[in-house]
Amino acid sequence: MKVKSRRFMAVDILYILLMVLPMVCGIILQILTKPPTEGIEIAGARIFFTIPMPLQDLPITESQVNSFLVVLTILGFALFITHGISVEGGSRRQIIAEWIVEVTDNMVNTNMGEYFAAFAPFVAGIMALSALSSLMSLLGLYPPTSDMNIVGGWALLVFVLITYYKGKCGPIVYMKSFTEPAALLTPLNVISEIATPVSMAFRHYGNILSGTVISVLLAAGLQGVSNMIFGWLPGFLGEFGWLRIGIPAVLSLYFDIFSGCLQAFIFAMLTMLYISGAFPQDEFERRQRLKLEKQKTIK
Amino acid sequence: MLELAIGIILGCCALGAGMAMIAGIGPGIGEGNAVAKACEAIGRQPESKGAVTTTMLMGCAIAETTGLYALVIAILLIFLAPGRLVNILLSSIA
């Protein structure tokens with residue numbers, strides 16, 4: 001084991017700071033800007049300020065800021081974990097990095113096939129973004145995935161990719177794919193094409209939001225029950241929600257941790273399945289073969 | 001009269017939200033079937049537990065979609081629709 005140089009350590013500390021600071025900044029921002037609320041309420045993302053735009057004003061909301069903080073955190077993590085990797089290997093973080101790359105490569109290979117092997121970084125990125133965004137609620141921050149706009153943006157990106165791979169063999173094959181299996185079904189096929197990104201966005205958003213709403217309702221209910229039981233205590237002791245300590249954490253285990261990670265996995269999985277399902281594999285291979293034969297005959 | 005109109009709007013929004021969530025029955029039955037079959041499959045072939053569990057979770061998530069549509073509509077009806085409808089009513093009177 002060789003001794004790490006001072007420069008290496010300094011860069012390491014810089015990366016760790018890049019990893020941790022965004023979340024700390026988010027918490028500080030939350031403390032500074034959040035107005036004190038009366039009781040328990042369910043509210044959307046707060047708007048920090050709006051930028052005037054020609055068509056419509058562009059509001060900069062909490063969810064946008066938080067999702068950029070998540071991006072910075074993931075960037076810091078990726079830089080930290082790949083810092084100082086070598087061919088010989090040896091460091092612990094290199095093993096973790098290799099494990100992550102191997103798992104995503106395997107997943108993409110089994111679900112999408114050889115042709116889409118280059119999709120592994122995209123899938124891993126969207127999974128990490130989604131999972132970390134949902135897990136952000138553990139720090140008391142507003143999770144960006146419970147905002148329709150953020151998740152809708154991801155789903156739109158997937159929709160663009162689906163359309164690109166569907167039209168890989170030219171517009172005629174793309175148009176023809178809507179008339180399968182019968183020409184009568186064309187309107188239904190068009191609707192189901194549009195429904196794909198809508199359902200992806202709604203699924204992710206609905207799952208995270210339902211968790212948030214149920215957690216808030218439970219907290220409110222426990223507050224009421226503890227007021228009823230401990231209301232006779234004087235002053236602060238009577239007003240404080242004693243039952244709210246610990247009990248909501250059990251639900252949070254499911255709604256914040258399990259549901260968040262599961263939805264990230266499902267979003268990535270559906271991305272892979274939809275994209276590889278939209279690609280006309282047989283037609284593409286047939287054309288590739290024809291092209292090769294043509295080249296041979298010319299030679 | 002105005003109070004009655006606003007009351008009808010609020011009440012109907014709440015009723016609509018409640019009726020929208022009837023859609024929760026479908027995913028419940030569907031997911032129950034999926035999990036039951038997955039348990040059977042694991043019982044028959046315990047070595048394929050990982051693959052069955054992953055596929056079952058995927059299927060459950062997709063079966064959940066219709067329920068989540070209903071949930072989104074219910075949330076819109078509770079949090080967004082009343083204010084907007086009352087605003088429309090007031091502006092149409094004024």
Side-chain angles (χ1 to χ4, degrees), chain A residues 40-45 103 106-107 110-111 127 130 134 145-149 151-152 155 191-192 194-217 220 254-255 258-274 276-277, chain B residues 10 13-35 37-39 42 45 47-87:
Chain A
I40 289 155
E41 59 176 50
I42 300 164
V103 164
N106 258 337
M107 212 163 78
T110 50
N111 287 314
M127 208 150 125
S130 168
S134 302
T145 39
S146 67
D147 190 329
M148 184 75 201
N149 303 313
V151 190
I191 291 171
S192 74
I194 298 165
T196 305
V198 174
S199 79
M200 275 180 94
F202 271 13
R203 183 177 300 123
H204 202 311
Y205 157 78
N207 265 301
I208 306 295
L209 186 72
S210 68
T212 315
V213 170
I214 290 171
S215 302
V216 170
L217 287 181
Y254 174 76
F255 283 121
F258 179 71
S259 188
C261 293
L262 185 68
Q263 287 312 311
F265 174 71
I266 282 163
F267 196 87
M269 203 78 176
L270 285 179
T271 303
M272 291 191 287
L273 292 181
Y274 280 139
S276 64
Chain B
L10 295 181
C13 282
L15 268 180
M19 272 153 79
M21 285 317 290
I22 293 174
I25 294 172
I29 294 172
E31 283 180 29
N33 272 336
V35 178
K37 292 288 176 192
C39 287
I42 293 173
Q45 274 182 310
E47 69 274 6
S48 67
K49 190 182 173 197
V52 169
T53 311
T54 318
T55 317
M56 184 201 74
L57 285 178
M58 274 296 296
C60 279
I62 291 175
E64 227 173 22
T65 312
T66 48
L68 287 169
Y69 288 160
L71 175 82
V72 170
I73 286 169
I75 284 173
L76 287 182
L77 273 176
I78 290 176
F79 291 110
L80 221 67
R84 193 164 271 200
L85 291 177
V86 167
N87 275 347

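Here the structure is a predicted model, which means the values were calculated and not measured. Numbered from 1 within each chain, the chains take letters A, B, ... in sequence-line order.
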Would you say the side-chain atoms of A:T110 pair up with the backbone N or O of A:M107, donor to acceptor, closer than 3.5 Å?
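Side chain of A:T110 to backbone of A:M107, a donor-acceptor pair under 3.5 Å: yes, one is there.
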
Do [X] and [Y] have side chains that get closer than 4.5 Å, going by heavy atoms?
X: A:S134; Y: A:Q263; answer: no
X: B:M58; Y: A:L270; answer: yes
X: A:F267; Y: A:M127; answer: no

Where on B:L57 is there a heavy atom nearer than 4.5 Å to chain A: the side chain, the backbone, both, or neither?
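It is both, since atoms from each part get that close.
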
Region of B:I62 in contact with chain A, defined by heavy-atom distances below 4.5 Å:
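It is both, since atoms from each part get that close.
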
Out of A:N207, A:L273, A:L262, return the one with the most heavy atom pairs under 4.5 angstrom to chain B.
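The candidate making the most pairs under 4.5 Å is A:N207.
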
